[in-house]
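One structure below.
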Amino acid sequence: MSIRSNIARFLTLVLALAGAMSACARGPAAPEEGAVPRRETYAVEAYQVRLRQPVEMLAEGRKITVSEVVELRVTAQRPIPAQALDPVLMVGERPVTEYRYEAPNVLVFTEPVPAKLPARAPVSFQWGQGPGAAGRQPTGFTFERSKLERRVR
Amino acid sequence: MPTCLRPRSCASLGLALLALLALVHCDGNDEPGNHETKRDPHVVRGGDELQENPGSLSPPIVVEPLYTCATAVTVKGFIPGARIDIFADGAPVGGGVSDAPWGQRFAVTALTDGQNVTATQTFGGVTSGPSPSARVRPHSADYPDGVPPPRIDPKPLYRCGKAAAAHNIVPGSFLEFLAENPRSGGGFDPPAVVGQVNGSGAGQWTFINPELVRDARVTARYRICSDSSPPSAPEIVQEGPNPVPAPAIDPEIYENGRHVIVRNVINGAVIDVFDGPTRIGGHASPGGSQIVRLDSPAIAGHILKATQTLCVTSGPSPDTPVRPCSELPAPIIQAPEAGDDRIRVIQSVLGSRILVFAGAEEVGDGGGPLVLLTRRLRVGEVVTVVQRLGSCQSPWVYRIPVACKVTEEVPDPSLGGRHAAGRVDYQLPPVTLGVDSVRLWATVRYPAAADGVNTALSPSPPSRFPLVVFLHGNHGIFRVDGEDVCPGDGGPPPGASEVLNHEGYDYVLDSLARGGFIAISINANDLNCKSGRIPERAALIHAHLDLWERLNDPGQPDPAFGGKFHGRVDLLRVGLAGHSRGGEAVVQAALGPADPDRAIRSVLSLAPVDTRALRLRDLPLLMILPAADGDVVDNPGARIYDRAAPAGAESWFKSQMYVHGAIHNDFNRQWLANDLDVRGLPRPAGLMGRPGHEAMLRAWSRVFFDLTLQGVEGHRPLLAGDAVVAGLENARVFPSYQRAGSRIVDHYEDAPDDAARNSLTGSVSRAGGFATFDEFSFRQTAGDQFNGTFFHDTDGLVEQWQGEASFASALPPAHADNSRFGFLSLRLAQVNDRVNDPARIMNVRLGLEDGGGTTAEVESAAVGVLPFPYPHPLGGKTMMRTLRIPLACFDDPGAGLVQPGNLRSVRFRSTPTAQGALALDDIELTN
């Protein structure tokens, strides 16, 4: 069973990470003529934000009061669609799930517990978490806690 | 050069000059008569070899419902010319002779509550067995809010009209038409009865006497027991056409025929049918197409004509020659399946006698459209159906083997309804849900007297209509240059208009309203463009239900609609339907909070998210899953389906439709982008078009809520996968179904995993070349997966074989009696694994063994398709479907029928020459 489990984990990874062109081993059918997959690119900025007033936020399902957060500002070239699955920013393997639209093409993700973020890690964008998460897309931005610009809001 | 197979037909043309024409006549097919039959491979020459058995007379059929006080009973399915005797609790109450087997109304002594009514037919000195019993019940059981008004139809009524028809009548009633003739100085004379029928059908026509006069006001009404209907809407008599157009006689008239169909008849006109100069039949008609009985049998080669008279007489119809006996076609029947006790005749000549043979044995003798058999049909035996008109027998028969299972195609119920659809909208001040301020905004469709905005509610019963609530999912809320976006800190972009996300299901709401539902679709824009918000969406549903409690309460002020819905909403029959995030929110809303003044009865979830692992208990669930979903790519609704379970309710069931080629967005008319494109995924070939998506959601919504909120039990096979809705792209659909009260042989959830023992503690023995035969988690998140292609929330068995392999899952003696069940049911899927061939439909053998040692198998392909997983661009998901095999299929030609009352084991056998990997779950005996 352990071999099976390892295979399973591998296949899960394949499915979860498969992008548009890296489908399952049997391969997807060819796209219909004229259907050109659109690949979005994301620009990321990160800030250490000190809040003038403490606010309540959800952290891993629990409501906490915070006075300092990390914000990651994600800018796309086109409007970022609202879909069933929420956008999620992965800082290394840490998902940042709280977000708001600053503009149709700008999302501001907020990490309420900055200490949970890795000191240095690549940042990627994906839709949803868990089994449905798919198409994790590297942004090219590397999060470095020591180099965060500080802001007050 | 084509070969003429009908020398008699060719010879009948005679002259050498016509030889070429004769060849053309016979070209490619020698089947005369109806052109539709020409390509049917089941139509073959024969019949003479069959030995008739006079003792195999079919019992006729008593048409239900039968209501207390009814004074007529309709009987069908008998031999034309047979004597019909009707009995109530065994005592004769009426009858007569008829040659109208499609349904003849016979006067009877008024029926009383609880009587069991049967009928027999007698022909050639032989009497059939009794029909299945029909029980008399009070009409109030079906019309608790009083009987509805009849509806005069067709209309308009014309001057000189001598017939009229009405519909929407409680069968068995006493029906009257009344006319108020106009006074010269204005107003009307008192009403006078101009037509009446004792023992009316649900739709009924009658003669009108005296004939109608111009500008008279005509109404219909009826009474049954002490209940009188409201009068119909009045019809004012109009001037008819002048000149009167000629009618036409249907060409399907054959030697010995006793009926013709006359078409293009004007409402109220008198038809006359002539054979040369001799009038051979006719009477007044309510128009359209009218069956006219002839005074004597039609004679081959004679020319028939018809006229119609409405004040003045039309010219004659075109000539219609009576066709010779040799051209009498074969009847056509619906494909029979194992266990059938009746044959449905879908094409026959009017007034013909239908004889049915199973092999060489005669098993039925009656008339269309439904012929009961003297025994049930067995899988594999060949049915031959013969058509006769008097002494003339068609030289052609319809011959077809009995299949294990025939998936019946039924007309789409969502395309009609007995109400018009009215529309109102509301947008009320916001409520606070969590941290959000949310407008109470919805569009409403309701059963109405007429189509349009704010038209009156339907006057037809019931007085209270069930309520269906739709909720959309997360989507952009402002449209800019055709793209739906989320606003930023600065508010809506310049030039943006708000997306009416809730109006995307108008086409479904409209159908539901016509079917007798008040259907609303909620706008949740104020919860969109934000994370999650599932509990808030559920709370929004309850906020609207709170509002509808007030709209329904005559004691509450209603400035929005002026009391329009006061007392007309049945909040104890509420159904929820949600899409995407709305699809999870409806599950959440159904779980509470409880309110004694309303009851959520069923949940339809379309392409939902599954963020909270909710578990529905006891509520019927319909899950619709688009296999090519580009948004919720893992079809997490399958997990909601898997978790849904009964908790004591006998009426519980769940149904899932996994639709190949369907995507996320095309069910909502406001969601215009293809979700695969939005996600940047390539489109698989052969996606279903938007019309296909809409037809499915409309049809299944109506079917599901008809069944769960209005008790239309006849729709259940459509949700069980035993029947399909005509017009849908059904080959794409892979259904799952489970209902309460089943006997689960193995659900593979027992701990610890033990593939050698089933859930009834019976042993599972296997033989042959299994490379794998083990229990696994079918979840994404578990460790003990077979591979990563499963997206369920259940455990199951994976068996992987090379060559012949088999297993038997034993039923302990305490569970051997399964005579109350009609189906063996299993959930199965080809595993997304290299041993399976993506191009191949898997076919395995499923069997039953009884305590007497009789074993019979059914090939899975005979009851449903097991394809390779759908090629989603992110990988093929191993998604199970249910196969339901009628127990009547387990019939071995040599050993006989496996006895459900004494079952020993459920069996599986691979296709001997193949390898394969199969996922399996929920082996059960069920109905």
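Residue numbering restarts at 1 for every chain, and letters A, B, ... go by the order of the sequence lines.
- Residues B:S531 and A:D86 come closest through the heavy atom pair CA-OD1, 3.3 Å.
- For a heavy-atom cut-off of 4.5 Å, chain B lies close to A:T97 in residues 89-97 of chain A.
- Judged as a ring-ring contact (aromatic ring centres under 6.0 Å, His included), and not counting sequence neighbours, B:F478 has no contacts.
- Proximity to chain B at a heavy-atom threshold of 4.5 Å picks out A:R100, A:Y101, A:E102, A:A103, A:P104 from residues 100-113 of chain A, in numerical order.
- No part of B:H579 comes within reach of chain A, as not one of its non-hydrogen atoms sits under 4.5 angstrom from that chain.
- In plain terms, the two heavy atoms of A:Q83 and B:R581 that are nearest each other are O-NH2, 3.4 Å.
- Among residues two or more places apart in sequence or in another chain, the ring-ring contact (aromatic ring centres under 6.0 Å, His included) test is passed with B:H792 by none.
- Only the side chain of B:P493 comes within less than 4.5 Å of a heavy atom in chain A; its backbone stays farther off.
- Across A:A82 and B:G476, no two heavy atoms sit closer than the pair CB-N, 3.6 Å.
- The CG atom of A:L85 lies 7.0 Å from the CG atom of B:D634; values are rounded to the nearest 0.5 Å.
- Atom CZ of A:R50 sits in a sparse spot, with 12 or fewer heavy atoms from other residues, nucleotides or ligands closer than 6.0 Å.
- The two residues A:A84 and B:D631 come nearest to each other via the heavy atoms N-OD2, 2.8 Å.
- The residue from B:D484, B:V485, B:D481 that alone fulfils the side-chain contact (heavy atoms from CB on, under 4.5 Å) condition with A:P79 is B:V485.
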